[in-house]
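Comments concern the structure below.
Residue numbers start from 1 in every chain, and the chains themselves are labelled A, B, ... in the order their sequence lines are given, proteins ahead of strands. The structure presented is a predicted model; accordingly, all values stated were derived computationally and were not measured.
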Amino acid sequence: MLNITLPDGNKLNFKQKVTGIQIAEKISKSLLKEALVMSVNGNLKDLTYEIEKDSSVKIFTSKDNEGLETIRHDTAHILAMAVQELFPGTQVTIGPTIENGFYYDFSRKEPFTESDLIKIEKKMAEIVDRDEPTTREVWDREKAISHFKKIGEKYKSEIIKDIPKGEEVSIYFHGKWHDLCRGPHLTSTGKIGKNFKLTKVAGAYWRGNSNNEMLQRIYGTSWPSKKELDQHLKRIEEAEKRDHRKLGKEMDLFHFREESPGAVFWHEKGWNLFQKLISYMRNRQDEAGYKEINTPEILDKSLWEKSGHWEKFGVNMYTSETPDEKVFAIKPMNCPGCVQVFNQGLKSYRDLPLKMSEFGKVHRYEPSGALHGLLRVRAFTQDDAHIFCTEDQITQECVSVTNLILDIYKDLGFENIILKYSDRPDQRVGEDHIWDKAESALLEAIRSTKLEYSINKGEGAFYGPKIEYVLKDAIGRDWQCGTLQVDLNLPQRLGASYVEKDGSKKVPVMLHRALFGSLERFIGILIEHYSGKLPFWISPLQTIVIPVSNDFDGYAKEVYNKIKKTGITCEVDLKNHNLNYKIREHSLLKIPILLICGKKEVDSNTVTIRRLDSNKQENMDLDKFLEKFSALSKVPSK
RNA sequence: GCCCUUGUAGCUCAGCUGGUAGAGCAAUUGAUUUGUAAUCAAUAGGUCCGCGGUUCGAAUCCGUGCGGGGGCACCA
């Protein structure tokens with residue numbers, strides 16, 4: 001007798017060993033049809049796995065994550081199968097599932113092209129139609145290694161060597177084709193269905209190491225139904241529509257050009273947005289007791305040597321040589337400059353905590369392949385600040401930085417924040433009792449928020465632990481923006497000190513913090529979060545006055561002039577186009593408020609408001625509009 | 001940096017196997033005077049990314065450089 005316990009607590013009895021298929025069959029016909037894989041005492045197994053002892057079993061369908069992942073994993077196998085049928089001599093390596101899909105890495109001299117993908121997809125469909133049964137065999141390790149070597153699959157034999165000693169070496173067969181794999185898999189190639197699509201080819205290093213050979217990676221996605229596949233493709237399309245590079249061009253915010261890859265040419269409107277963010281931040285930091293400073297962009301190499309940047313990050317630094325052959329470095333970070341401001345003049349414990357903020361433009365020579373619109377650039381402006389404090393003040397300062405960050409994110413429409421905490425790495429500077437203090441200060445700051453947080457053990461900087469503030473955007477993507485780091489190293493290196501109560505000199509603790517991180521990057525995120533439809537107060541061009549016809553140009557100009565005086569950004573559109581045309585044009589450019597002026601408005605000294613994405617019309621006295629909207633256009637402050 | 005891919009008018013793109021460029025939108029001009037998402041017409045607009053090569057002839061083929069895109073690696 002064999003007892004199988006189901007997730008609902010019910011037990012099934014079998015006379016002898018039993019497979020998942022038999023269990024599913026006994027539960028219901030429909031489950032038999034939908035069953036994909038199962039777990040036996042918590043371990044995922046093929047449905048054909050024979051259970052010999054009393055066990056608890058759960059059967060998964062495509063509605064379960066386990067089922068969906070198995071579909072994707074099988075699709076990856078079938079991809080590899082199709083590739084080897086079409087392109088003999090191609091070596092297979094690994095093919096895991098990833099978010100929304102899978103990939104498979106191949107080694108082959110000739111590159112795969114986009115048209116190959118279509119061929120491969122067809123072949124995959126063929127394999128699905130062949131509905132070849134999947135079987136699993138356990139091989140002797142040495143046999144497996146020599147087998148894969150013999151058939152020219154050197155990567156597979158390498159993988160086997162790395163399988164931990166106690167583990168089985170399992171080989172999966174789909175018909176005649178076979179692959180080393182941990183499994184589990186579906187019972188036959190027909191089970192995956194045809195709701196898959198190969199999406200792209202890309203290079204990828206063997207084992208993720210840039211010293212290794214570069215393989216060819218084929219990405220794909222696979223779903224239980226056509227509907228879900230289509231929905232997924234639709235989501236990708238929607239995400240492309242909010243791409244800040246596309247919107248930035250359309251909305252005339254900025255552009256990039258060859259002369260300075262990775263550096264932004266800000267246009268009038270983009271710069272207006274940039275300045276609004278800065279002015280907002282100035283208000284908030286002023287209220288929070290920060291003093292704004294500014295330090296040179298170019299500093300003598302010797303400072304960077306002293307700070308340690310030259311040694312550690314020199315490869316990413318731009319340098320500049322003067323006609324008299326002095327070497328200066330263009331700052332990749334603001335901290336050394338800020339410490340020098342601290343160092344100027346004598347500081348007392350009474351001056352602490354001293355919070356110095358700086359909108360500092362930094363340059364980092366990022367690898368060319370890393371550049372990506374505003375999100376990864378070589379020249380950017382940090383909303384940086386350095387807080388010099390005593391050890392006892394760390395906690396209080398960390399809490400207040402965290403509160404400020406969360407508050408600012410909220411003002412900008414991000415309510416969903418995750419925190420990441422990284423503590424001491426093995427290689428570090430500073431005494432352990434200060435690390436203790438720094439770490440508990442950061443943890444206390446985190447706990448005070450009651451937000452979700454993750455701990456990255458040993459991931460802190462060599463000079464101190466850190467918090468990273470990650471926000472989720474409108475379509476659920478994570479963006480790491482703010483950061484708070486305790487620095488137990490730099491003040492000492494650069495000789496910072498303050499006079500203690502007892503007259504002795506002491507090295508202050510320094511906190512580095514950035515709220516948005518990079519203004520450029522944050523603007524990119526903002527654009528994507530809002531699909532370009534920025535909130536009124538931050539929108540670079542807030543209103544456009546549109547006369548219904550040329551007859552009302554005079555009134556429209558009058559309205560425009562009055563609006564301009566309030567500080568609302570405004571244009572008047574006197575072009576020879578009809579009203580519909582102008583509404584369409586400015587709506588596409590995401591102008592939040594259009595003001596229509598015709599006979600009715602002239603007669604009553606009003607304007608008609610048309611808000612973006614709404615065709616409701618709201619008529620308002622001009623004076624009332626000016627009062628109401630100039631208040632709304634002010635940057636928020638506490 | 002590495003792999004693949006790509007670079008044509010202000011923008012979006014067409015231009016098959018080599019015969020010195022084309023559309024829509026935008027711009028300009030004119031007509032129209034419009035009440036809530038594209039009025040009509042005419043005109044003008046191009047070192048086909050740079051450099052080199054093959055060829056009688058190159059936007060097209062080859063090499064190389066630079067830039068963009070998708071990944072990988074990187075991200076203090």
Side-chain angles (χ1 to χ4, degrees), chain A residues 98 103 105-108 110-114 116-117 199-219 240 243 245-246 249-250 252 255-262 304 307-317 332-333 335 362 364-373 375-378 380 382 460-463 466 480 483 485 487 489-490 512 517-518 521 546-553 575-589 591 594-601 608-619:
Chain A
I98 49 173
Y103 66 78
D105 285 350
F106 299 97
S107 168
R108 174 177 179 246
E110 300 73 33
F112 291 115
T113 63
E114 298 286 320
D116 288 337
L117 292 191
T199 48
K200 55 198 170 194
V201 253
Y205 296 108
W206 167 236
R207 298 200 151 154
N209 185 329
S210 55
N211 297 320
N212 290 344
E213 185 200 346
M214 179 149 285
L215 306 168
Q216 295 190 64
R217 175 171 298 179
I218 296 180
Y219 283 92
E240 277 166 9
D243 190 312
R245 293 166 298 185
K246 180 173 169 281
K249 192 186 268 180
E250 284 171 11
D252 193 19
H255 82 277
F256 290 91
R257 53 173 53 237
E258 285 193 24
E259 290 96 333
S260 190
W304 301 103
S307 72
H309 289 91
W310 191 262
E311 188 205 348
K312 285 228 176 269
F313 316 115
V315 280
N316 289 317
M317 284 167 69
M333 293 172 86
C335 18
V362 297
R364 301 177 182 181
Y365 192 73
E366 301 285 358
S368 58
L371 303 180
H372 182 95
L375 301 180
R376 189 83 185 270
V377 286
R378 285 180 173 155
F380 59 98
Q382 289 184 314
F462 72 94
Y463 51 77
K466 63 180 175 187
Q480 193 208 299
T483 165
Q485 308 181 355
D487 193 334
N489 179 51
L490 196 62
H512 304 249
S518 140
R521 180 176 141 89
I546 305 175
V548 171
S549 82
N550 290 156
D551 294 344
F552 312 107
D553 283 3
K575 287 204 202 89
N576 187 7
H577 279 133
N578 64 31
L579 182 58
N580 280 340
Y581 182 94
K582 291 182 182 179
I583 287 175
R584 178 181 152 82
E585 188 188 17
H586 297 126
S587 298
L588 289 173
L589 293 175
I591 309 301
L594 301 181
L595 295 177
I596 315 298
C597 300
K599 181 162 190 327
K600 198 170 82 189
E601 289 75 14
T608 294
I609 301 167
R610 188 196 203 277
R611 292 168 197 267
L612 183 56
D613 284 337
S614 158
N615 46 20
K616 275 191 199 136
Q617 298 170 37
E618 187 187 350
N619 191 255

Roughly how far apart are [X] [atom1] and [Y] [atom2], rounded to 0.5 Å?
X: A/M333; Y: A/H309; atom1: CE; atom2: NE2; answer: 4.0 Å
X: A/K616; Y: A/T608; atom1: NZ; atom2: OG1; answer: 15.5 Å
X: A/K466; Y: A/H512; atom1: NZ; atom2: NE2; answer: 11.5 Å

message: Measuring from the side chain of A/Y205 (C-beta onward, heavy atoms only), which nucleotide among B/rC72, B/rC74, B/rA38 has the closest atom?
response: B/rC72

- prompt: If you check the A/I596 side chain, which of B/rG35, B/rA76, B/rA73 turns out closest?
  reply: B/rG35

Please state whether the base of [N] and the side chain of [X] form at least one donor-acceptor pair under 3.5 Å?
X: A/N550; N: B/rU33; answer: yes
X: A/R364; N: B/rC74; answer: no
X: A/D613; N: B/rA37; answer: yes

Does [N] have a Watson-Crick or wobble mate here (both distances under 3.5 Å), and if so which one?
N: B/rA27; result: B/rU43
N: B/rC51; result: B/rG63
N: B/rA38; result: none
N: B/rU33; result: none
N: B/rG22; result: B/rC13

Taking only side-chain nitrogens and oxygens of [X], does any of them come within less than 4.0 Å of OP1 or OP2 of [N]?
X: A/H512; N: B/rA76; answer: no
X: A/R245; N: B/rG68; answer: no
X: A/K582; N: B/rU34; answer: no
X: A/Y581; N: B/rG35; answer: no
X: A/R207; N: B/rA73; answer: no
X: A/S368; N: B/rG1; answer: yes

Geometric cation-pi criterion, A/K312 with A/F462: 6.0 Å, 45°: yes

Which value, in whole Å, describes the distance between the [atom1] atoms of nucleotides [N] and [M]?
N: B/rC49; M: B/rU43; atom1: P; result: 28 Å
N: B/rC11; M: B/rG7; atom1: C1'; result: 15 Å
N: B/rA27; M: B/rG46; atom1: C1'; result: 15 Å
N: B/rA21; M: B/rA59; atom1: C1'; result: 8 Å

Atom-to-atom span, [atom1] of [X] to [atom2] of [N] - whole angstrom:
X: A/N212; N: B/rC72; atom1: CG; atom2: P; answer: 16 Å
X: A/L579; N: B/rU34; atom1: CG; atom2: P; answer: 12 Å
X: A/H577; N: B/rU36; atom1: NE2; atom2: C1'; answer: 16 Å
X: A/D553; N: B/rG35; atom1: CG; atom2: C1'; answer: 15 Å
X: A/K200; N: B/rG71; atom1: NZ; atom2: P; answer: 4 Å
X: A/I546; N: B/rA37; atom1: CD1; atom2: C1'; answer: 11 Å
X: A/E250; N: B/rA26; atom1: CD; atom2: C1'; answer: 13 Å
X: A/L589; N: B/rC25; atom1: CG; atom2: P; answer: 17 Å

Does [X] reach a base, just sugar-phosphate, or nothing at all? Heavy atoms under 4.0 Å.
X: A/A202; answer: base
X: A/H586; answer: nothing
X: A/R217; answer: sugar-phosphate
X: A/S549; answer: base
X: A/T199; answer: nothing
X: A/P367; answer: base
X: A/Y463; answer: sugar-phosphate
X: A/E601; answer: base
X: A/Y219; answer: sugar-phosphate
X: A/L588; answer: base

- prompt: Can you check whether A/L594's main-chain N or O pairs, donor with acceptor, with A/R610's side chain at less than 3.5 Å?
  reply: no

task: Without swapping roles, check the side chain of A/Q216 against the backbone of A/F112 for a donor-acceptor pair under 3.5 Å.
output: yes

query: Ion pair present between A/E259 and A/R257, side-chain N to carboxylate O less than 4.0 angstrom?
result: yes

message: One thing to verify: whether A/E618 and A/R611 come together as a salt bridge, which I'm taking to mean a side-chain N less than 4.0 angstrom from a carboxylate O.
response: yes

